[in-house]
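Heads up: the structure comes next, in structure tokens.
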Amino acid sequence: MAVRKKLEGYQFWEETLKKARYVVAPMVDQSELPWRLLSRRHGCQLAYTPMFHAALFSREETYFRDAMQTCPEDRPLIVQFCANDPNTLVQAALLAQDHCDAIDLNLGCPQSIARRGHYGAFLQEDWDLLRRMVSAVHERCSVPITCKIRIFRDVQRTVEYAQMLEKAGCQLLTVHGRTKEQKGSLTGMASWEHIKAVKDNVKIPVFANGNILNLECVEKCMKETGTDGIMTAEGNLHNPALFEGKNPPVWEMADEYLQLVRENPCQLSAVRGHLFKLWHHSLQIHTDMRTALAQGKTFESLVVVSEEMKKRCQEEASKPGADQPSNDLPFPHWICQPYIRPRGDQKERELANKERPPKRHLVQEGENAGLSRNQIKRRMRYPHKNFLSKGLGPWIACEKCGNPKGLHCVFSLCRGCCKTQAHAEQMDCPSHRLWFKTKEERRKLWEAKKRQQQQENTISEPEGNKSLDPDNLNSVKKEDGSMTAQGDEKYQINGKETQVPQNGEHPVLSHHKQDPKGAEIDNNLHDVKNGDIRDSLPTKVCLLDAD
């Protein structure tokens with residue numbers, strides 16, 4: 001087998017990637033082979049695989065076989081991994097390098113699973129680890145290493161981050177113009193300013209990612225940032241023909257995709273997810289089809305749902321005046337168009353919380369007695385499953401809110417209502433493990449012991465402030481500055497009277513004394529060995545060796 005030459009930087013982008021400018025992003029369970037082929041038919045010039053877990057990819061044969069689905073038409077192709085260990089990443093890259101044109105390291109995933117696994121955007125503070133991972137793949141693999149990152153809030157730190165990756169061996173950089181905190185309802189707008197700053201300060205190709213809804217956004221982003229290519233994820237999911245500048249009917253894209261799935265089978269969850277995205281706007285109107293699509297257990301059942309949606313939308317499209325947009329959309333709902341996320345500012349979130357419907361009570365009648373509404377929905381999908389608690393029968397409703405009440409609650413309420421009641425009355429409820437009264441008593445006891453301990457730790461000095469002469473350990477210094485010989489002085493340590501012996505020996509505790517308040521000291525100290533620590537909240541007394 002001929003060893004292919006490893007290209008770097010712009011030579012890699014120009015010769016291997018064919019100067020790709022329109023890029024489909026790596027998407028978990030969404031950028032599988034049939035979808036990549038569909039996107040390539042409609043303007044995509046470079047595609048990424050879904051993010052693969054490097055450890056599973058290199059260790060499990062089944063995972064590798066299911067993940068590495070490709071074909072000759074699926075080029076150029078970049079395989080993306082998440083990892084937090086250089087050796088693991090290299091092992092996975094060596095397995096994948098013969099099936100792709102480059103290896104990409106995911107440094108942009110902001111999800112909680114990435115936080116738990118310590119990968120994605122949560123590695124952006126560990127620059128030493130990133131240097132070692134990027135340089136290891138760069139030195140040991142026959143294909144280039146690329147990175148997809150998120151920005152820092154500070155522009156200069158983002159630039160330094162990109163330059164560090166470039167020096168480590170990264171040959172192409174994709175910059176998502178959002179921080180790792182910008183996700184979900186807090187997604188917000190991507191910062192093209194950060195992307196432009198990175199592009200102006202590195203010498204490798206840069207792709208921009210963020211705020212891409214249509215072809216106009218692609219052209220505008222390229223003009224403002226000067227990047228070499230544009231990557232899109234969500235825009236592509238709702239309109240695979242985005243890079244062509246077209247907005248075709250949804251059923252055309254759905255039919256074409258389903259045909260590609262027949263030719264290149266993939267996971268059913270990916271097919272269902274794509275149909276949900278393509279038919280998103282129409283499913284807001286034909287809500288009954290959402291349940292049918294979610295319940296589909298076979299590929300053919302999903303095809304039936306898509307055909308039914310096609311039939312309904314074509315009937316609507318044939319009516320007079322149907323070409324007029326509705327529901328604040330730029331096009332009729334059966335046309336492929338971008339999805340605009342609701343703004344996540346604080347005012348709108350507060351308004352949404354105020355308009356939130358009350359808690360859904362349990363159904364108390366019929367065959368669904370004792371089930372919540374979510375359980376009833378799941379029972380419709382799985383009619384043979386038992387959703388009632390084992391051996392307990394229907395729940396008893398809380399008098400205040402209708403939710404299940406605790407069987408042994410001291411207030412005979414559900415946990416939420418019990419917590420409110422117990423807090424107001426400073427009571428305990430062992431059934432719900434609420435300990436307001438106990439915690440308050442413990443707090444008061446701790447404060448009392450702390451005050452007492454502070455008083456006991458006050459060292460009595462009958463002749464004023466004394467300090468040792470550094471040249472004579474058996475002398476003390478009086479307030480007037482004169483020195484005097486120190487005899488067998490007695491002091492108190494933790495409430496126990498002790499003698500300061502001569503010749504620098506350790507103090508010896510006297511166990512049969514009284515504290516300043518006259519309370520008798522515990523004499524049962526013979527069970528505690530020298531050097532042991534006896535707990536006496538909130539402080540600990542350490543018995544010292546006397547010899």
Side-chain angles (χ1 to χ4, degrees), residues 1-26 31 33 36 39-40 43-52 54 57-58 67-68 70-83 86-87 89-108 130-149 161-176 195 198-209 222 225-231 243:
M1 179 183 295
V3 179
R4 76 181 146 172
K5 181 182 178 182
K6 183 176 179 178
L7 305 179
E8 299 181 355
Y10 273 96
Q11 187 180 12
F12 160 67
W13 177 67
E14 292 171 356
E15 298 185 20
T16 303
L17 303 185
K18 312 298 181 184
K19 297 184 179 180
R21 297 167 63 85
Y22 300 150
V23 186
V24 171
S31 55
L33 176 59
R36 297 198 300 266
S39 300
R40 292 180 190 278
C44 168
Q45 298 170 343
L46 170 64
Y48 285 64
T49 67
M51 181 193 74
F52 301 140
F57 190 91
S58 58
M68 278 314 309
T70 184
C71 63
E73 296 80 15
D74 188 29
R75 288 297 181 93
L77 176 68
I78 296 179
V79 175
Q80 187 186 69
F81 291 109
C82 68
N87 292 331
L89 179 61
V90 168
Q91 291 174 9
L94 291 174
L95 290 174
Q97 65 181 2
D98 294 333
H99 307 278
C100 63
D101 298 290
I103 301 297
D104 186 77
L105 176 60
N106 184 328
L107 300 177
L130 295 181
R131 285 191 194 96
R132 290 188 286 116
M133 287 200 294
V134 173
S135 61
V137 176
H138 175 61
E139 293 170 0
R140 298 179 57 184
C141 293
S142 62
V143 295
I145 173 74
T146 69
C147 296
K148 184 175 186 291
I149 66 173
Y161 182 40
Q163 291 174 335
M164 179 273 294
L165 294 173
E166 179 185 16
K167 291 178 181 178
C170 177
Q171 303 304 317
L172 185 147
L173 200 60
T174 300
V175 184
H176 188 166
I195 301 175
V198 171
K199 172 60 182 173
D200 293 341
N201 288 277
V202 297
K203 299 178 181 179
I204 56 176
V206 176
F207 291 160
N209 181 216
M222 278 191 174
T225 62
T227 52
D228 305 286
I230 300 296
M231 176 183 287
F243 288 128

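- Checked by atom type and distance alone, the side chain of Gln163 never pairs as donor or acceptor with a backbone atom of Val202 at under 3.5 Å.
- Taking the six-membered ring where the residue is Trp, Phe81 and Phe57 present perpendicular rings, their angle passing 60° and hence far from 30°.
- By the ring pair (Phe, Tyr, Trp, His ring centres under 6.0 Å) test, Tyr22 is found to be paired with Phe243, residues two or more places apart in sequence or in another chain being considered.
- The heavy-atom pair separating Pro76 from Arg40 by the smallest distance is O-NH2, 2.8 Å.
- Nearest heavy-atom pair, Pro144 versus Phe12, reported as atom, atom and distance to 0.1 Å: CG-CD1, 3.5 Å.
- Taking the side chain as every heavy atom from C-beta outward, Val79 and Met68 approach each other to under 4.5 Å.
- Once rounded to the nearest 0.5 Å, the distance linking CE of Met231 with CG of Leu46 reads 7.0 Å.
- Under the 4.0 Å criterion applied to side-chain N and carboxylate O atoms, Asp101 and Arg75 are assigned as salt-bridge partners.
- When every heavy atom of Val143 is checked against every heavy atom of Cys100, the shortest pair comes out as CG1-O, 4.1 Å.
- Neither side chain, Gln171 nor Thr146, offers a donor N or O lying under 3.5 Å from an acceptor on the other.
- Note that the CG atom of Asn209 and the OG1 atom of Thr225 stand 11.5 Å from one another [nearest 0.5 Å].
- The structure places SG of Cys170 at 8.5 Å from CG of Leu105, a figure rounded to the nearest 0.5 Å.
- Evaluation of the side-chain hydrogen bond (donor to acceptor under 3.5 Å, both in side chains) rule for Arg132 yields Asp128 as partners, not counting sequence neighbours.
- Counting heavy atoms from C-beta outward, Tyr48 and Asp104 have side chains that approach closer than 4.5 Å.
- The two residues Pro26 and Thr49 make their nearest non-hydrogen contact at CB-O, 3.2 Å.
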Could you go through the side chain to side chain contact (heavy atoms under 4.5 Å, CB included) check for Lys167 and Val134 one step at a time?
CA-CA 9 Å; Lys167 291 178 181 178; Val134 173; over 6 Å; no
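- In this structure, the side chains of His138 and Glu8 come closer than 4.5 Å at one or more pairs of heavy atoms.
- For the pair Glu166 and Leu173, the minimum side-chain heavy-atom distance is 4.5 Å or more.
- Using modelled atom types, no side-chain atom of Gln97 and backbone atom of Cys141 make a donor-acceptor pair closer than 3.5 Å.
- The distance from atom OG1 of Thr227 to atom CZ of Arg21, rounded to the nearest 0.5 Å, is 8.0 Å.
- In this structure a side-chain-to-backbone donor-acceptor pair under 3.5 Å is missing from Lys148 to Gln80.
- For the pairing with Ile149, the side-chain contact (heavy atoms from CB on, under 4.5 Å) check across Thr174, Leu165, Val198 returns one residue only, Leu165.
- Here the straight-line distance linking atom CE of Met133 with atom SG of Cys147 works out to 8.5 Å at 0.5 Å rounding.
- Counting all heavy atoms, side chain and backbone alike, Ser31 lies closest to Ala25 at CB-O, 3.8 Å.
- Phe207 CZ to Lys199 NZ: the interatomic distance, rounded to the nearest 0.5 Å, is 10.0 Å.
- Closest of all the heavy-atom pairs between Ile145 and Gly169 is CG2-O, 3.3 Å.
- Judged by distance alone, the side chain of Trp13 and the main-chain N or O of Lys18 form no donor-acceptor pair under 3.5 Å.
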Show your reasoning for whether salt bridge (Lys or Arg N to Asp or Glu O under 4.0 Å) applies to Asp74 and Arg36.
CA-CA 7 Å; Asp74 188 29; Arg36 297 198 300 266; 2.7 Å; yes
